[in-house]
Student: 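The structure's right below; bear with me while I get my questions together.
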Amino acid sequence: MSEISKTYSAKEIESKWYQTWLEGGYFKPKKGKANDAFCIIMPPPNVTGKLHEGHALDATTQDALIRFKRMKGFEALWLPGMDHAGIATQSVVEKMVWEQEKKTRHDFEKEDFIKKIWQWKEEYGGIIANQQRLLGASCDWDYSMFTMDPEANEAVRKVFVDLYNEGLIYQSDYIINWDPVLHSAISDAEVEHKEVQGAFYHILYKVKGTDETLEVATTRPETLLGDTAVCVHPEDERFQKYIGKTAIIPICNREIPIIADDYVDTEKGTGCLKVTPGHDFNDFEIGQRHKLQIITILNKDATFNENGAPLQGMDVKAGRKKIVELLEEAGQLVKVEKHVHQVGHGDRSKAVIEPLVSKQWFLNVQEMSKRSVESVEKEQMKFFPKGWENTYFSWLREPKDWCISRQLWWGHQIPVFYCNDCDNQWASTEEESNCSKCNSSSITQDPDVLDTWFSSALWPFSTLGWPDEQRMKDKKFETFYPTTVLITGYDIIFFWVARMMMMGLKFTGKEPFHSTYIHAIVRDKFGRKISKSLGNGIDPIKTIEEYSADAFRFTLASGSGYNRGINLDPDRIVGYRNFINKVWNAFRFIHPVLEKSEAQLPELSKLDAHEKWILAELNTTAKTMNDSLEVFRFDEASMAIYQFVYDKYCSWFIELSKPILNGNDESKIIQRATVLKFVLKKMVALLHPITPFVTEELWSFIKDDKEDLLIIQDYPEYEEQFNFTKEQNEMNQFTEVITGIRNLRSSVNIKPSEEIEVQLFIDNEASTSYFKTNEESLQKMAKVNKLTIENKSNARPEKSIFMSTSHLDIFIPLSGVIDIEAHVAKLNKDLTKLQKEFDKYDKKLHNPKFIENAKEEVIAEVKFNHGEVSSKINALKENIELFNK
RNA sequence: GGGCGUGUAGCUCAGUGGGAGAGCAUCGCCCUUACAAGGCGAGGGUCAUAGGUUCAAUCCCUAUCACGCCCACCA
């Protein structure tokens with residue numbers, strides 16, 4: 001026994017058990033007593049990254065649930081994977097190639113560059129998966145998939161071709177967010193709007209055939225070269241007379257119509273708007289409405305092209321300066337006002353985004369969105385916490401068609417082919433080499449790739465073998481789809497949750513998951529976002545090394561409920577490390593008596609009051625944990641077991657067991673050891689989903705020979721036979737008295753080691769006999785050498801310190817030197833407090849309206865408290881009197 | 001600008017129409033043979049502010065302030 005360390009050291013234990021579980025196939029789904037399946041598809045982390053605190057939270061919540069359900073006898077599958085993360089990965093590799101070889105991707109053939117990305121993926125792609133093992137992730141790694149695997153590609157092509165043939169995928173001129181650094185369109189969601197100091201430039205446009213001018217205000221004067229109209233509000237009296245006339249653009253002197261549109265706000269700027277459909281989102285829409293020409297004046301790298309003649313070759317910044325100069329020379333610049341406004345920046349490249357018109361592929365999502373909304377409205381898919389469905393709805397109720405093409409190299413290439421001979425265009429799931437119409441071999445595939453989220457949207461079913469029948473059979477699609485729950489952060493409800501719903505409903509006819517648990521986002525202890533620039537991240541790997549995976553998991557779980565943020569303070573991890581150690585030491589305590597314990601509990605009627613009590617408390621805890629985990633309240637579950645361990649098992653049950661185990665009554669020793677072990681086993685099982693390693697280790701010492709590993713033991717549940725309410729109430733009194741005695745001792749500075757005399761005055765038979773049977777325990781726990789128990793009606797001792805609890809009065813006769821002054825001060829303070837409480841109740845009872853309106857039980861309760869407090873006050877006053885004599 | 005959310009002890013957060021809670025931190029006393037990564041005890045809050053509904057509000061309603069996030073974007 002001496003070889004068991006005083007402190008729990010996690011490292012070897014963690015890797016030992018992970019290996020054992022893995023090699024023993026314990027992570028593989030197996031049919032169990034629940035006769036049902038439970039499946040979580042892991043949100044695939046990007047191949048670019050390494051594990052951060054967000055992944056750790058993901059992994060902890062998912063693993064806790066999977067382990068919980070596995071123990072409950074579900075056929076539990078946690079399916080891991082990785083995401084190719086198009087833009088992110090390509091730019092990481094581009095950066096690396098630039099650093100190593102000073103080359104850009106354009107210095108390579110496309111195929112060669114893609115090969116480089118694959119190499120990179122092979123080398124670094126598994127980092128997160130390996131790190132997840134350190135956290136104890138119990139996924140079935142054989143199911144592992146990568147979003148660019150051939151199987152995933154098959155699903156992507158199948159979906160694309162079906163949607164294409166249905167006419168839902170179309171190509172269109174569209175104004176998109178163009179990232180001039182990445183050379184790609186990016187989605188609205190990838191654009192970050194930042195405040196920038198800019199200016200309003202007031203410019204004069206001549207009205208053709210008159211001497212008049214229109215004053216236009218713009219933040220982007222350089223785009224005037226692409227103007228195709230000037231626009232005013234149809235009811236703006238100032239400009240009525242110009243509508244239908246022609247304006248002349250300064251510098252290039254092109255003629256454009258003056259039109260009217262409701263969009264124009266008469267209050268803003270000059271109330272007169274230049275319309276540049278090629279370079280502004282709103283202008284593009286006005287252009288569509290009025291069938292205006294689109295003039296593109298920028299190249300893909302955001303320099304001016306031939307349409308921007310006087311600025312050709314310049315970038316936007318230089319162009320703006322130049323055009324301002326030209327306008328000034330021409331006398332057509334009225335004024336420049338400083339102005340702060342929002343400018344879109346690329347999420348990843350940080351470049352200023354240029355709205356640009358180009359041909360893109362779109363997915364019409366109108367019908368799919370509608371269905372996805374209905375599904376949540378009808379609660380066929382439920383959000384936890386429910387509030388998040390608003391976020392989901394707000395996106396899907398006014399859906400914009402999804403721009404699914406990206407001008408990248410890394411991703412699923414769009415399976416559309418063009419014939420160079422007959423202009424045929426078609427989509428195909430196969431690699432085509434001949435035109436489907438004229439059989440020409442001169443064909444090209446669309447060079448664009450699909451938005452990363454396109455393949456992510458198919459993830460719940462592509463990972464389970466869809467669309468290949470044999471694969472679906474092998475992967476047990478029928479068993480696991482729809483999956484049970486999706487666990488993710490709120491930041492990707494639009495990107496991912498909504499799109500999985502759309503695609504899942506469309507292609508499988510079912511919701512891809514029954515519920516979605518949205519967990520919090522991890523922030524630092526000040527509530528700031530974790531960011532590289534702040535350097536405030538908490539490295540999970542370091543944390544695990546320092547405090548153990550279990551402590552980290554417990555910290556994350558205890559912070560995960562229906563909240564939005566977890567402000568992670570390293571001090572909390574220390575606290576839960578200590579908790580793990582507490583559990584470890586609880587085991588160390590009972591280890592020496594394990595041999596004496598029996599495999600089965602004795603007949604329940606033979607148990608003593610404290611044994612019944614701990615079983616009842618355990619039972620309550622099991623109920624709370626089951627109920628909480630069922631609805632993703634990891635915080636409640638953690639709290640329940642934490643309190644059970646500290647406040648019930650360790651502080652009281654172990655302490656109460658000491659005299660028995662050190663005593664001479666062998667049959668009592670055996671019985672107590674048996675109960676101690678029984679409860680510890682259940683406790684460890686309850687904890688296992690949250691802290692798998694330490695519990696599996698302890699289990700190996702306390703399990704019966706024939707029992708298997710803890711990971712597949714039954715999860716403890718509420719059992720009616722352990723419902724000992726009477727013993728729980730008695731124990732409450734018992735602890736109240738002991739705490740009261742300790743409290744009194746401390747108030748008069750009696751040394752903890754000094755034994756004292758105590759007199760209890762009790763008002764009822766039942767309690768009296770309870771305290772008499774448990775006299776010895778009480779004396780040990782409160783360091784009492786002489787205890788007398790009397791009826792409340794008996795005379796009280798003269799000089800003594802005193803405290804009143806709900807059913808009894810505690811007296812400690814004065815002896816030796818005690819700090820009377822301190823004690824009296826405390827009594828007076830208590831008196832004030834009680835007096836206040838009394839007044840509150842008294843006031844209520846004297847309020848006729850209260851008596852009239854309040855519920856009966858509330859009135860009864862107030863009356864009871866009123867009496868209770870008033871008798872406490874009397875007793876207290878008497879006691880204070882004694883000291884004043 | 002629109003939407004969502006938050007404001008409770010020094011910190012991080014639970015919670016409820018009828019007696020303000022936990023963990024950590026703080027203070028005091030203890031190295032009591034499971035554990036000093038421990039034990040025992042204590043202090044600490046006008047439940048953001050102002051109104052309203054109610055017999056009764058920290059909780060429900062309204063407004064205000066502060067903070068956070070998301071969406072949209074002003075020429």
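Worth saying up front: this structure is predicted, and the values here are computed from it rather than measured. Lettering follows sequence order; numbering is per chain, from 1.
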Student: Which part of the nucleic acid, if any, lies within reach of A:S753 when heavy atoms closer than 4.0 Å are counted: base, sugar-phosphate only, or nothing?
Tutor: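 Since no nucleic acid heavy atom lies under 4.0 Å of A:S753, the category is nothing.
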Student: Less than 4.5 Å apart, any side-chain heavy atom of A:F200 and any of A:T219?
Tutor: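 Touching, per the 4.5 Å side-chain cut-off.
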Student: Does A:K836 reach a base, just sugar-phosphate, or nothing at all? Heavy atoms under 4.0 Å.
Tutor: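 Nothing, no nucleic acid heavy atom in range.
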Student: Give A:G271 one of three labels, base, sugar-phosphate or nothing, depending on what nucleic acid heavy atoms sit under 4.0 Å from its own.
Tutor: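 Base: the residue A:G271, judged by heavy atoms under 4.0 Å, touches a nucleobase.
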Student: Counting the atoms with a prime plus P, OP1 and OP2 as sugar-phosphate, which does A:S558 contact under 4.0 Å by heavy atoms, base, sugar-phosphate, or nothing?
Tutor: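 Since no nucleic acid heavy atom lies under 4.0 Å of A:S558, the category is nothing.
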Student: Does B:rG1 pair with anything, Watson-Crick or G-U wobble, both distances under 3.5 Å, and if so, with which nucleotide?
Tutor: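 Pair assignment: B:rG1 / B:rC71.
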Student: Under 4.0 Å between any heavy atoms, over every strand shown, what does A:N662 touch: base, sugar-phosphate, or nothing? Just pick one.
Tutor: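 Contact class for A:N662: none.
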Student: Under 4.0 Å, heavy atoms only, any strand: does A:F587 hit a base, just the sugar-phosphate, or nothing?
Tutor: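 Touches nothing.
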Student: For nucleotides B:rU6 and B:rA42, find the distance between their C1' atoms and express it as a whole number of Å.
Tutor: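 To the nearest whole Å, 32 Å.
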Student: Does a side-chain heavy-atom distance below 4.5 Å link A:L273 with A:Y263?
Tutor: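 In short, these two side chains touch, coming nearer than 4.5 Å.
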Student: Which of these nucleotides, B:rA75, B:rA34, B:rG23, is closest to any side-chain atom of A:E655?
Tutor: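 In terms of side-chain proximity for A:E655, the closest of B:rA75, B:rA34, B:rG23 is B:rA34.
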Student: Taking only side-chain nitrogens and oxygens of A:R742, does any of them come within less than 4.0 Å of OP1 or OP2 of B:rG41?
Tutor: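 So the side chain of A:R742 is within the cut-off, an N or O lying under 4.0 Å from OP1 or OP2 of B:rG41.
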Student: Taking only side-chain N and O atoms of A:Y649, does any of them lie within less than 4.0 angstrom of OP1 or OP2 on B:rC35?
Tutor: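 Answer no for this pair, as no side-chain N or O of A:Y649 is under 4.0 Å from OP1 or OP2.
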Student: A:N847 side chain: which of B:rG19, B:rA34, B:rC55 is closest?
Tutor: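 Per side-chain heavy atoms of A:N847, the pick is B:rC55.
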Student: Which is true for A:R577 with a 4.0 Å heavy-atom rule: it touches a base, it touches only sugar-phosphate, or it touches nothing?
Tutor: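 Here A:R577 touches the bases of the nucleic acid.
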Student: Please determine, for B:rU49, whether a Watson-Crick or G-U wobble partner exists with both distances under 3.5 Å, and give it or none.
Tutor: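 Paired with B:rU49, as far as the under-3.5 Å criterion goes, is B:rA63.
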Student: Nearest to the side chain of A:R633, heavy atoms from C-beta on, is which of B:rA37, B:rA34, B:rA14?
Tutor: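 Of B:rA37, B:rA34, B:rA14, B:rA14 is nearest to the side chain of A:R633.
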Student: Is the shortest heavy-atom distance from the side chain of A:K751 to the side chain of A:R745 under 4.5 Å?
Tutor: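 Not touching, per the 4.5 Å side-chain cut-off.
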Student: Rounded to the Å, how far apart are A:Y490 OH and B:rG5 P?
Tutor: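 Checked: the OH to P distance equals 13 Å.
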Student: Taking only side-chain nitrogens and oxygens of A:K751, does any of them come within less than 4.0 Å of OP1 or OP2 of B:rC30?
Tutor: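 It does, given that an N or O in the side chain of A:K751 lies less than 4.0 Å from OP1 or OP2 of B:rC30.
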Student: Does the gap between the ring centers of A:Y576 and A:Y642 come in under 6.0 Å?
Tutor: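 Centroid separation for A:Y576 and A:Y642: below 6.0 Å.
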Student: Using a cut-off of 4.0 Å on non-hydrogen atoms, how would the nucleic acid contact of A:F393 be classed: base, sugar-phosphate, or nothing?
Tutor: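 Touches nothing.
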Student: Return the nearest nucleotide to the side chain of A:V264; candidates are B:rG19, B:rA75, B:rU12.
Tutor: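 Looking only at heavy atoms from C-beta outward on A:V264, the closest nucleotide is B:rA75.
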Student: Which is true for A:C231 with a 4.0 Å heavy-atom rule: it touches a base, it touches only sugar-phosphate, or it touches nothing?
Tutor: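 The answer is nothing, as A:C231 stays clear of every strand by at least 4.0 Å.
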Student: Does a nitrogen or oxygen in the side chain of A:K783 sit under 4.0 Å from OP1 or OP2 of B:rG39?
Tutor: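 Checking B:rG39 against A:K783, no side-chain N or O comes under 4.0 Å of OP1 or OP2.
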Student: Any strand is fair game: report the nucleotide pairing with B:rG43 by Watson-Crick or G-U wobble, both distances under 3.5 Å, or none.
Tutor: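 Pair assignment: B:rG43 / none.
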Student: For B:rC40, take OP1 and OP2 only and decide whether either is under 4.0 Å from a side-chain N or O of A:N743.
Tutor: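 For A:N743, the contact criterion (side-chain N or O under 4.0 Å from OP1 or OP2 of B:rC40) is not met.
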Student: Contact class for A:I493 vs. all strands (heavy atom < 4.0 Å): base, sugar-phosphate, or nothing?
Tutor: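 Nothing, no heavy atom under 4.0 Å.
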Student: Please tell me which of the listed nucleotides, B:rG19, B:rC40, B:rG23, lies nearest to the side chain of A:Y576?
Tutor: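 The nucleotide sitting nearest to the side chain is B:rG23.
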Student: Taking the side chain as everything from C-beta on, heavy atoms only, tell me whether A:L556 gets closer than 4.5 Å to A:T61.
Tutor: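 In short, these two side chains do not touch, never coming nearer than 4.5 Å.
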Student: Does B:rU58 pair with anything, Watson-Crick or G-U wobble, both distances under 3.5 Å, and if so, with which nucleotide?
Tutor: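 Per the H-bond distance test, none.
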Student: For B:rA34, give the paired nucleotide (Watson-Crick: N1-N3 plus N6-O4 or O6-N4; G-U: N1-O2 and O6-N3; both under 3.5 Å), or none.
Tutor: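 Base partner found: none.
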Student: Would you say A:N853 reaches B:rA56's phosphate, i.e. side-chain N/O to OP1/OP2 under 4.0 Å?
Tutor: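 For A:N853, the contact criterion (side-chain N or O under 4.0 Å from OP1 or OP2 of B:rA56) is not met.
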Student: Using the side-chain heavy atoms of A:Y263, tell me which of these nucleotides is nearest: B:rA20, B:rA34, B:rC74.
Tutor: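 Of the options given, the side chain of A:Y263 lies nearest B:rC74.
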Student: How about A:W584 and A:Y8: are their ring centroids closer than 6.0 Å?
Tutor: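 Judged by ring-centre distance (under 6.0 Å), A:W584 and A:Y8 do meet the cut-off.
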Student: Is any side-chain nitrogen or oxygen of A:K6 closer than 4.0 Å to OP1 or OP2 of B:rC35?
Tutor: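 Answer is yes, contact under 4.0 Å.
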Student: Could you tell me how far apart A:E754 (CD) and B:rG41 (P) are, to the nearest whole angstrom?
Tutor: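 Interatomic distance, CD of A:E754 to P of B:rG41: 18 Å.
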Student: Please classify the nucleic acid contact of A:F579 as base, sugar-phosphate, or nothing, using heavy-atom distances under 4.0 Å.
Tutor: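 Nothing, no heavy atom under 4.0 Å.
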Student: For B:rA22 versus B:rG15, give the span between their C1' atoms, rounded off to a whole number of Å.
Tutor: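 Taking atom C1' in both B:rA22 and B:rG15, they lie 10 Å apart.
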Student: Would you indicate what A:D280 reaches in the nucleic acid, counting non-hydrogen atoms under 4.0 angstrom: base, sugar-phosphate, or nothing?
Tutor: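 Sugar-phosphate contact only.
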Student: Within this structure, what is the OH-to-P distance between A:Y8 and B:rC35, rounded to whole angstrom?
Tutor: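 Checked: the OH to P distance equals 19 Å.
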Student: From the options B:rA34, B:rA37, B:rC55, select the nucleotide whose nearest atom is closest to the side chain of A:T7.
Tutor: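 It is B:rA37.
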Student: What does B:rA22 pair with, Watson-Crick or G-U, if both distances are under 3.5 Å?
Tutor: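 Pairing partner, where one exists within any strand: B:rU12.
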Student: What distance, rounded to whole Å, do you find between the two P atoms, one in B:rG3 and one in B:rU64?
Tutor: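 The same atom, P, in both gives a distance of 13 Å.
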Student: Go through the steps for A:Y547 and A:T555 under the test side chain to side chain contact (heavy atoms under 4.5 Å, CB included), then give the verdict.
Tutor: CA-CA 11 Å; A:Y547 302 111; A:T555 309; over 6 Å; no
Student: Starting the side chain at C-beta, find the nucleotide from B:rC24, B:rC55, B:rC74 nearest to A:K849.
Tutor: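 Nucleotide nearest to A:K849's side chain: B:rC55.
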Student: Under 4.0 Å, heavy atoms only, any strand: does A:T218 hit a base, just the sugar-phosphate, or nothing?
Tutor: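 If one applies the 4.0 Å heavy-atom cut-off, A:T218 turns out to touch the sugar-phosphate alone, with no base involved.
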Student: Verify the contact: side-chain N or O of A:N282 to OP1 or OP2 of B:rC74, cut-off strictly under 4.0 Å; return yes or no.
Tutor: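 Yes.
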Student: With respect to the side chain of A:T739, which nucleotide from B:rA37, B:rG41, B:rA34 is positioned closest?
Tutor: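 Closest nucleotide to the A:T739 side chain: B:rG41.
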Student: May I ask you to test the A:L676-A:Y649 pair for a side-chain heavy-atom distance under 4.5 Å?
Tutor: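 They are in contact (side-chain heavy atoms under 4.5 Å apart), so the answer is yes.
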Student: Using a cut-off of strictly less than 4.0 Å, decide whether A:S651 has a side-chain nitrogen or oxygen near OP1 or OP2 of B:rC40.
Tutor: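 So the side chain of A:S651 is within the cut-off, an N or O lying under 4.0 Å from OP1 or OP2 of B:rC40.
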Student: Taking only the side-chain heavy atoms of A:N581 (C-beta and beyond), determine which of B:rG18, B:rC35, B:rG41 contains the nearest atom.
Tutor: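 The answer is B:rC35, which lies nearest to the side chain.
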